[in-house]
Amino acid sequence: MIAVVGGGITGLAAAWELTGGATGPAAEGPSVVLLESSTRLGGKLASVQLCGRAVDVGPDSFLGRRPEATQLCREVGLGDELVPVATSGASIWARGRRRPIPEGLYLGVPTKLLPVARSGILSVGGTLRLAADILVPRPDTRGPLGDRAIGPLVSRKLGRQAVDRLVDPLVGGIHAGGVADASAAALFPALLTAAQRRSSLMRSLRQLRARGAHLDDQPLFWALRGGFASLVERLAERLGERGADVRLAQPVDRMGRAGARWVLEAGGRQVTVDGVVIATGTDPAAALLASHDPEAAAILRTIDYASVAVVTFAFPADALPDDLFGTGLLVPHGTPVPRKAARQLGLAAGEPFMVTACTYLWAKWPHLDLPGIRLLRASVGRAGDSRHETMTDDDLVHRVVQELTVLLDAAGEPDDVIVSRATRALPQYRVHHLLRVASVEAAVRRLGGVAIAGAAYHGVGIPACVESGRHAASDVVAELSGTAGAART
Ligand SMILES: Cc1cc2nc3c(=O)[nH]c(=O)nc-3n(C[C@H](O)[C@H](O)[C@H](O)COP(=O)(O)OP(=O)(O)OC[C@H]3O[C@@H](n4cnc5c(N)ncnc54)[C@H](O)[C@@H]3O)c2cc1C
């Protein structure tokens, strides 16, 4: 028997793989028990009913360039429920107003000068600094050193403004973190390669990007018509049909040995298994591993998380202007509310916006485009900004509505609103993240029959989590069957 600890998308994908994945259970396959501490499956994946539609309040989409999540949806029979993103483009709040994000960015880093110059996002000085990368490129003097921090690396080549107004909101936005100490090797390996070339960073990135151009015919993002809760429900249903034992309200708080087997203590009960996939996030994983490998546990504890909140609104359609562009708006970290607006709203001078991003759900997803209603979500919170954590839901909604009057020219009150909080939700991939992960994985492998998986290791997005869960499941099966084979000979 193999246990999966944690029933987020990573643990569910691991259990799916353990029960045979695309092909289904094999006669000699392991029996599977999934232990989830809370009373519901899905972890960060959560949908609510709003205006008669399932609306996601955790992730609302996944990347189309990676196949793992769409493949899982198809394997569980939800292929027809996949919805491609309906529009492209987005804006950024810069120099006091919304401005369309220019074309030619590679993960937020400019690869072309003119579109950025025309966008008005950078000042004249910032644009000239960007131009210097073409005219007098600054060679990289440090070498790759295995990893580099994205912010300083790009700043040296393209200037600080390009980092603060483009790279930080676009790359940092994915993790609700900043790029000042974000790992290039983990988040943007092409940047490390490009930075080593003697020529312009923009030109090098443009060349590297062209190599992946064949993937551009995929929709950029997908969602599910019934929300991501429908994927969780379907996985739970199909796992049940396959004989997996899915148990809720079972927090695993200890992992002990019984010879070569593992004894998990969950909610006062013991489960003895041959192998374990730990898919919980790093804090619980560290607690489970501490008595077996304190060093691995200590390394896991160095991975910190950002807490965020998502406020989802149903506005009357006439409360928002018609000229909102693309799928949403990004607000660079630390941008102060303009002085006049701050005074009118009763905010302290220089107070930064709390909203980090707005998603125009009606424009992004055809199934959320409702007559007379504008569904909109606002994200708040990131590493280095925890103001939302000490606010009540009412205060948070009030503040976000105030900010939307400035950011989106919203006028009027919403008809409905849902606040969803995710504490310690998004792992921060700091410089040398991959080294930390490799050493933890090596330590865990030495324990025998154990693997770790999840958002904290090889990517926070849903496709990466699915891959991580399935990969960990295959590793444990391969290892256990290898041990069984060796014992037989
Ligand atoms: C607000 C928000 C928006 C996001 N937007 C996107 C997006 O648009 N696209 C995208 O691709 N990704 C997005 N992400 C990231 C993505 O949703 C997550 O990285 C992913 O869902 C994490 O899945 P997981 O299974 O690894 O972890 P989790 O979802 O955290 O699941 C871990 C599970 O383990 C359980 N657990 C913990 N401890 C124990 C224990 N001791 N015993 C048993 N069970 C335990 C928890 O209860 C939980 O259910 C977003 C995340 C957030 C928070």
Side-chain angles (χ1 to χ4, degrees), residues 3-15 33-47 56-66 68-70 85 173-177 220-224 228 231-232 235 246-255 264-267 271 276-289 305-312 327-328 356-357 359 361 364-365 377-382 388 419-429 452-470 472:
V4 176
V5 184
I9 189 60
T10 304
L12 288 165
V33 57
L34 186 150
L35 302 163
E36 163 58 41
S37 59
S38 73
T39 51
R40 55 173 282 277
L41 292 172
K44 304 296 179 295
L45 272 52
S47 318
D56 284 304
V57 292
D60 82 318
S61 60
F62 54 74
L63 208 55
R65 276 172 160 246
R66 290 190 59 153
E68 298 89 341
T70 39
V85 64
I174 299 168
H175 292 249
L220 196 52
F221 295 108
W222 294 97
L224 282 167
F228 285 118
L231 174 61
V232 174
L235 272 161
V246 176
R247 302 184 195 170
L248 299 179
Q250 299 288 304
V252 179
D253 39 40
R254 222 183 84 78
M255 215 173 109
L264 303 179
E265 287 179 21
V271 189
V276 187
V277 175
I278 303 175
T280 58
T282 53
D283 296 340
L288 294 178
L289 293 169
Y305 287 75
S307 297
V308 295
V310 171
V311 188
T312 309
T327 59
T356 56
T359 310
L361 295 174
K364 192 171 176 186
W365 307 116
R377 82 186 226 158
S379 305
V380 297
R382 53 170 269 157
H388 62 286
V419 175
S420 165
R421 294 176 189 262
T423 305
R424 289 184 64 70
L426 286 148
Q428 302 300 300
Y429 285 26
I452 51 168
Y457 308 112
H458 296 284
V460 297
I462 296 173
C465 291
V466 169
E467 203 275 334
S468 168
R470 296 185 85 150

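In each ligand, atom 1 is the first atom listed, and ligand 1 is the first ligand listed. Computed from heavy atoms alone, side chains included, the values below leave out hydrogens, waters and symmetry copies.
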Got the closest protein heavy atom to [atom], with its distance?
atom                    : value
atom 31 (O) of ligand 1 : G8 CA, 3.4 Å
atom 6 (C) of ligand 1  : P59 CB, 3.1 Å
atom 20 (C) of ligand 1 : C465 SG, 3.8 Å
atom 30 (O) of ligand 1 : K44 NZ, 2.5 Å
atom 38 (N) of ligand 1 : P284 CG, 3.4 Å
atom 52 (C) of ligand 1 : L426 CD1, 4.2 Å
atom 35 (C) of ligand 1 : E36 OE1, 3.2 Å
atom 10 (C) of ligand 1 : S61 O, 3.5 Å

Using a 4.0 Å cut-off to any heavy atom of [X], which atoms of ligand 1 qualify?
X    : value
G461 : 10 (C), 11 (O), 12 (N)
L45  : 21 (O)
V310 : 1 (C)
P251 : 42 (N)
A425 : 53 (C)
G454 : 26 (O)
V5   : 42 (N), 43 (C)
D60  : 8 (O)

In V419, V311, V380, the residue satisfying side-chain contact (heavy atoms from CB on, under 4.5 Å) with H388 is V380

Purely on distance, is any nitrogen or oxygen of [X] under 3.5 Å from one on ligand 1?
X    : answer
G11  : no
T10  : yes
V460 : yes
I9   : yes
S37  : yes
A455 : yes

Counting only heavy atoms, which portion of S420 has something under 4.0 Å from ligand 1: side chain, backbone, both, or neither? neither

Just heavy atoms, cut-off under 4.0 Å: does L35 contact ligand 1 by side chain, backbone, both, or neither? backbone

Does [X] use its side chain to pair, donor to acceptor, with the backbone of [Y] at less than 3.5 Å?
X    : Y    : result
S468 : G454 : yes
S38  : R40  : yes
S37  : A249 : no

How close do [X] and [Y] get, heavy atom to heavy atom, and via which atoms?
X    : Y    : value
S61  : K364 : OG-NZ, 3.7 Å
L34  : G11  : CD1-O, 3.8 Å
P427 : H175 : O-ND1, 3.4 Å

I'd like to know if G58 contacts ligand 1, where contact means a heavy-atom distance under 4.0 Å to any ligand atom. yes

Compute the minimum heavy-atom distance from Q250 to ligand 1 and say whether it is under 4.0 Å. yes

Could you measure the distance from the [atom1] atom of [X] to the [atom2] atom of [Y]? Nearest 0.5 Å is fine.
X    : Y   : atom1 : atom2 : value
W222 : T70 : CH2   : OG1   : 7.0 Å
L45  : D60 : CG    : CG    : 11.0 Å
L231 : L41 : CG    : CG    : 11.0 Å

Can you confirm whether [X] sits close enough to [Y] that some side-chain heavy atom of one is under 4.5 Å from a side-chain heavy atom of the other?
X    : Y    : answer
R470 : E68  : no
V276 : V252 : no
L63  : F221 : yes

Could you tabulate the donor-acceptor pairs under 3.5 Å formed by side-chain atoms of residues 3-10, not counting sequence neighbours?
none

Selection from L288, I462, V252 by shortest heavy-atom distance to atom 40 (C) of ligand 1: V252

Give the ring-plane orientation class for F228 versus F62, where under 30° counts as parallel, over 60° as perpendicular and anything between as tilted. tilted

Specify whether the nearest protein heavy atom to atom 27 (O) of ligand 1 is under 4.0 angstrom away. no

Begin from the C-alpha positions of V308 and T356 and carry the test side-chain contact (heavy atoms from CB on, under 4.5 Å) through to its verdict. CA-CA 10 Å; V308 295; T356 56; over 6 Å; no

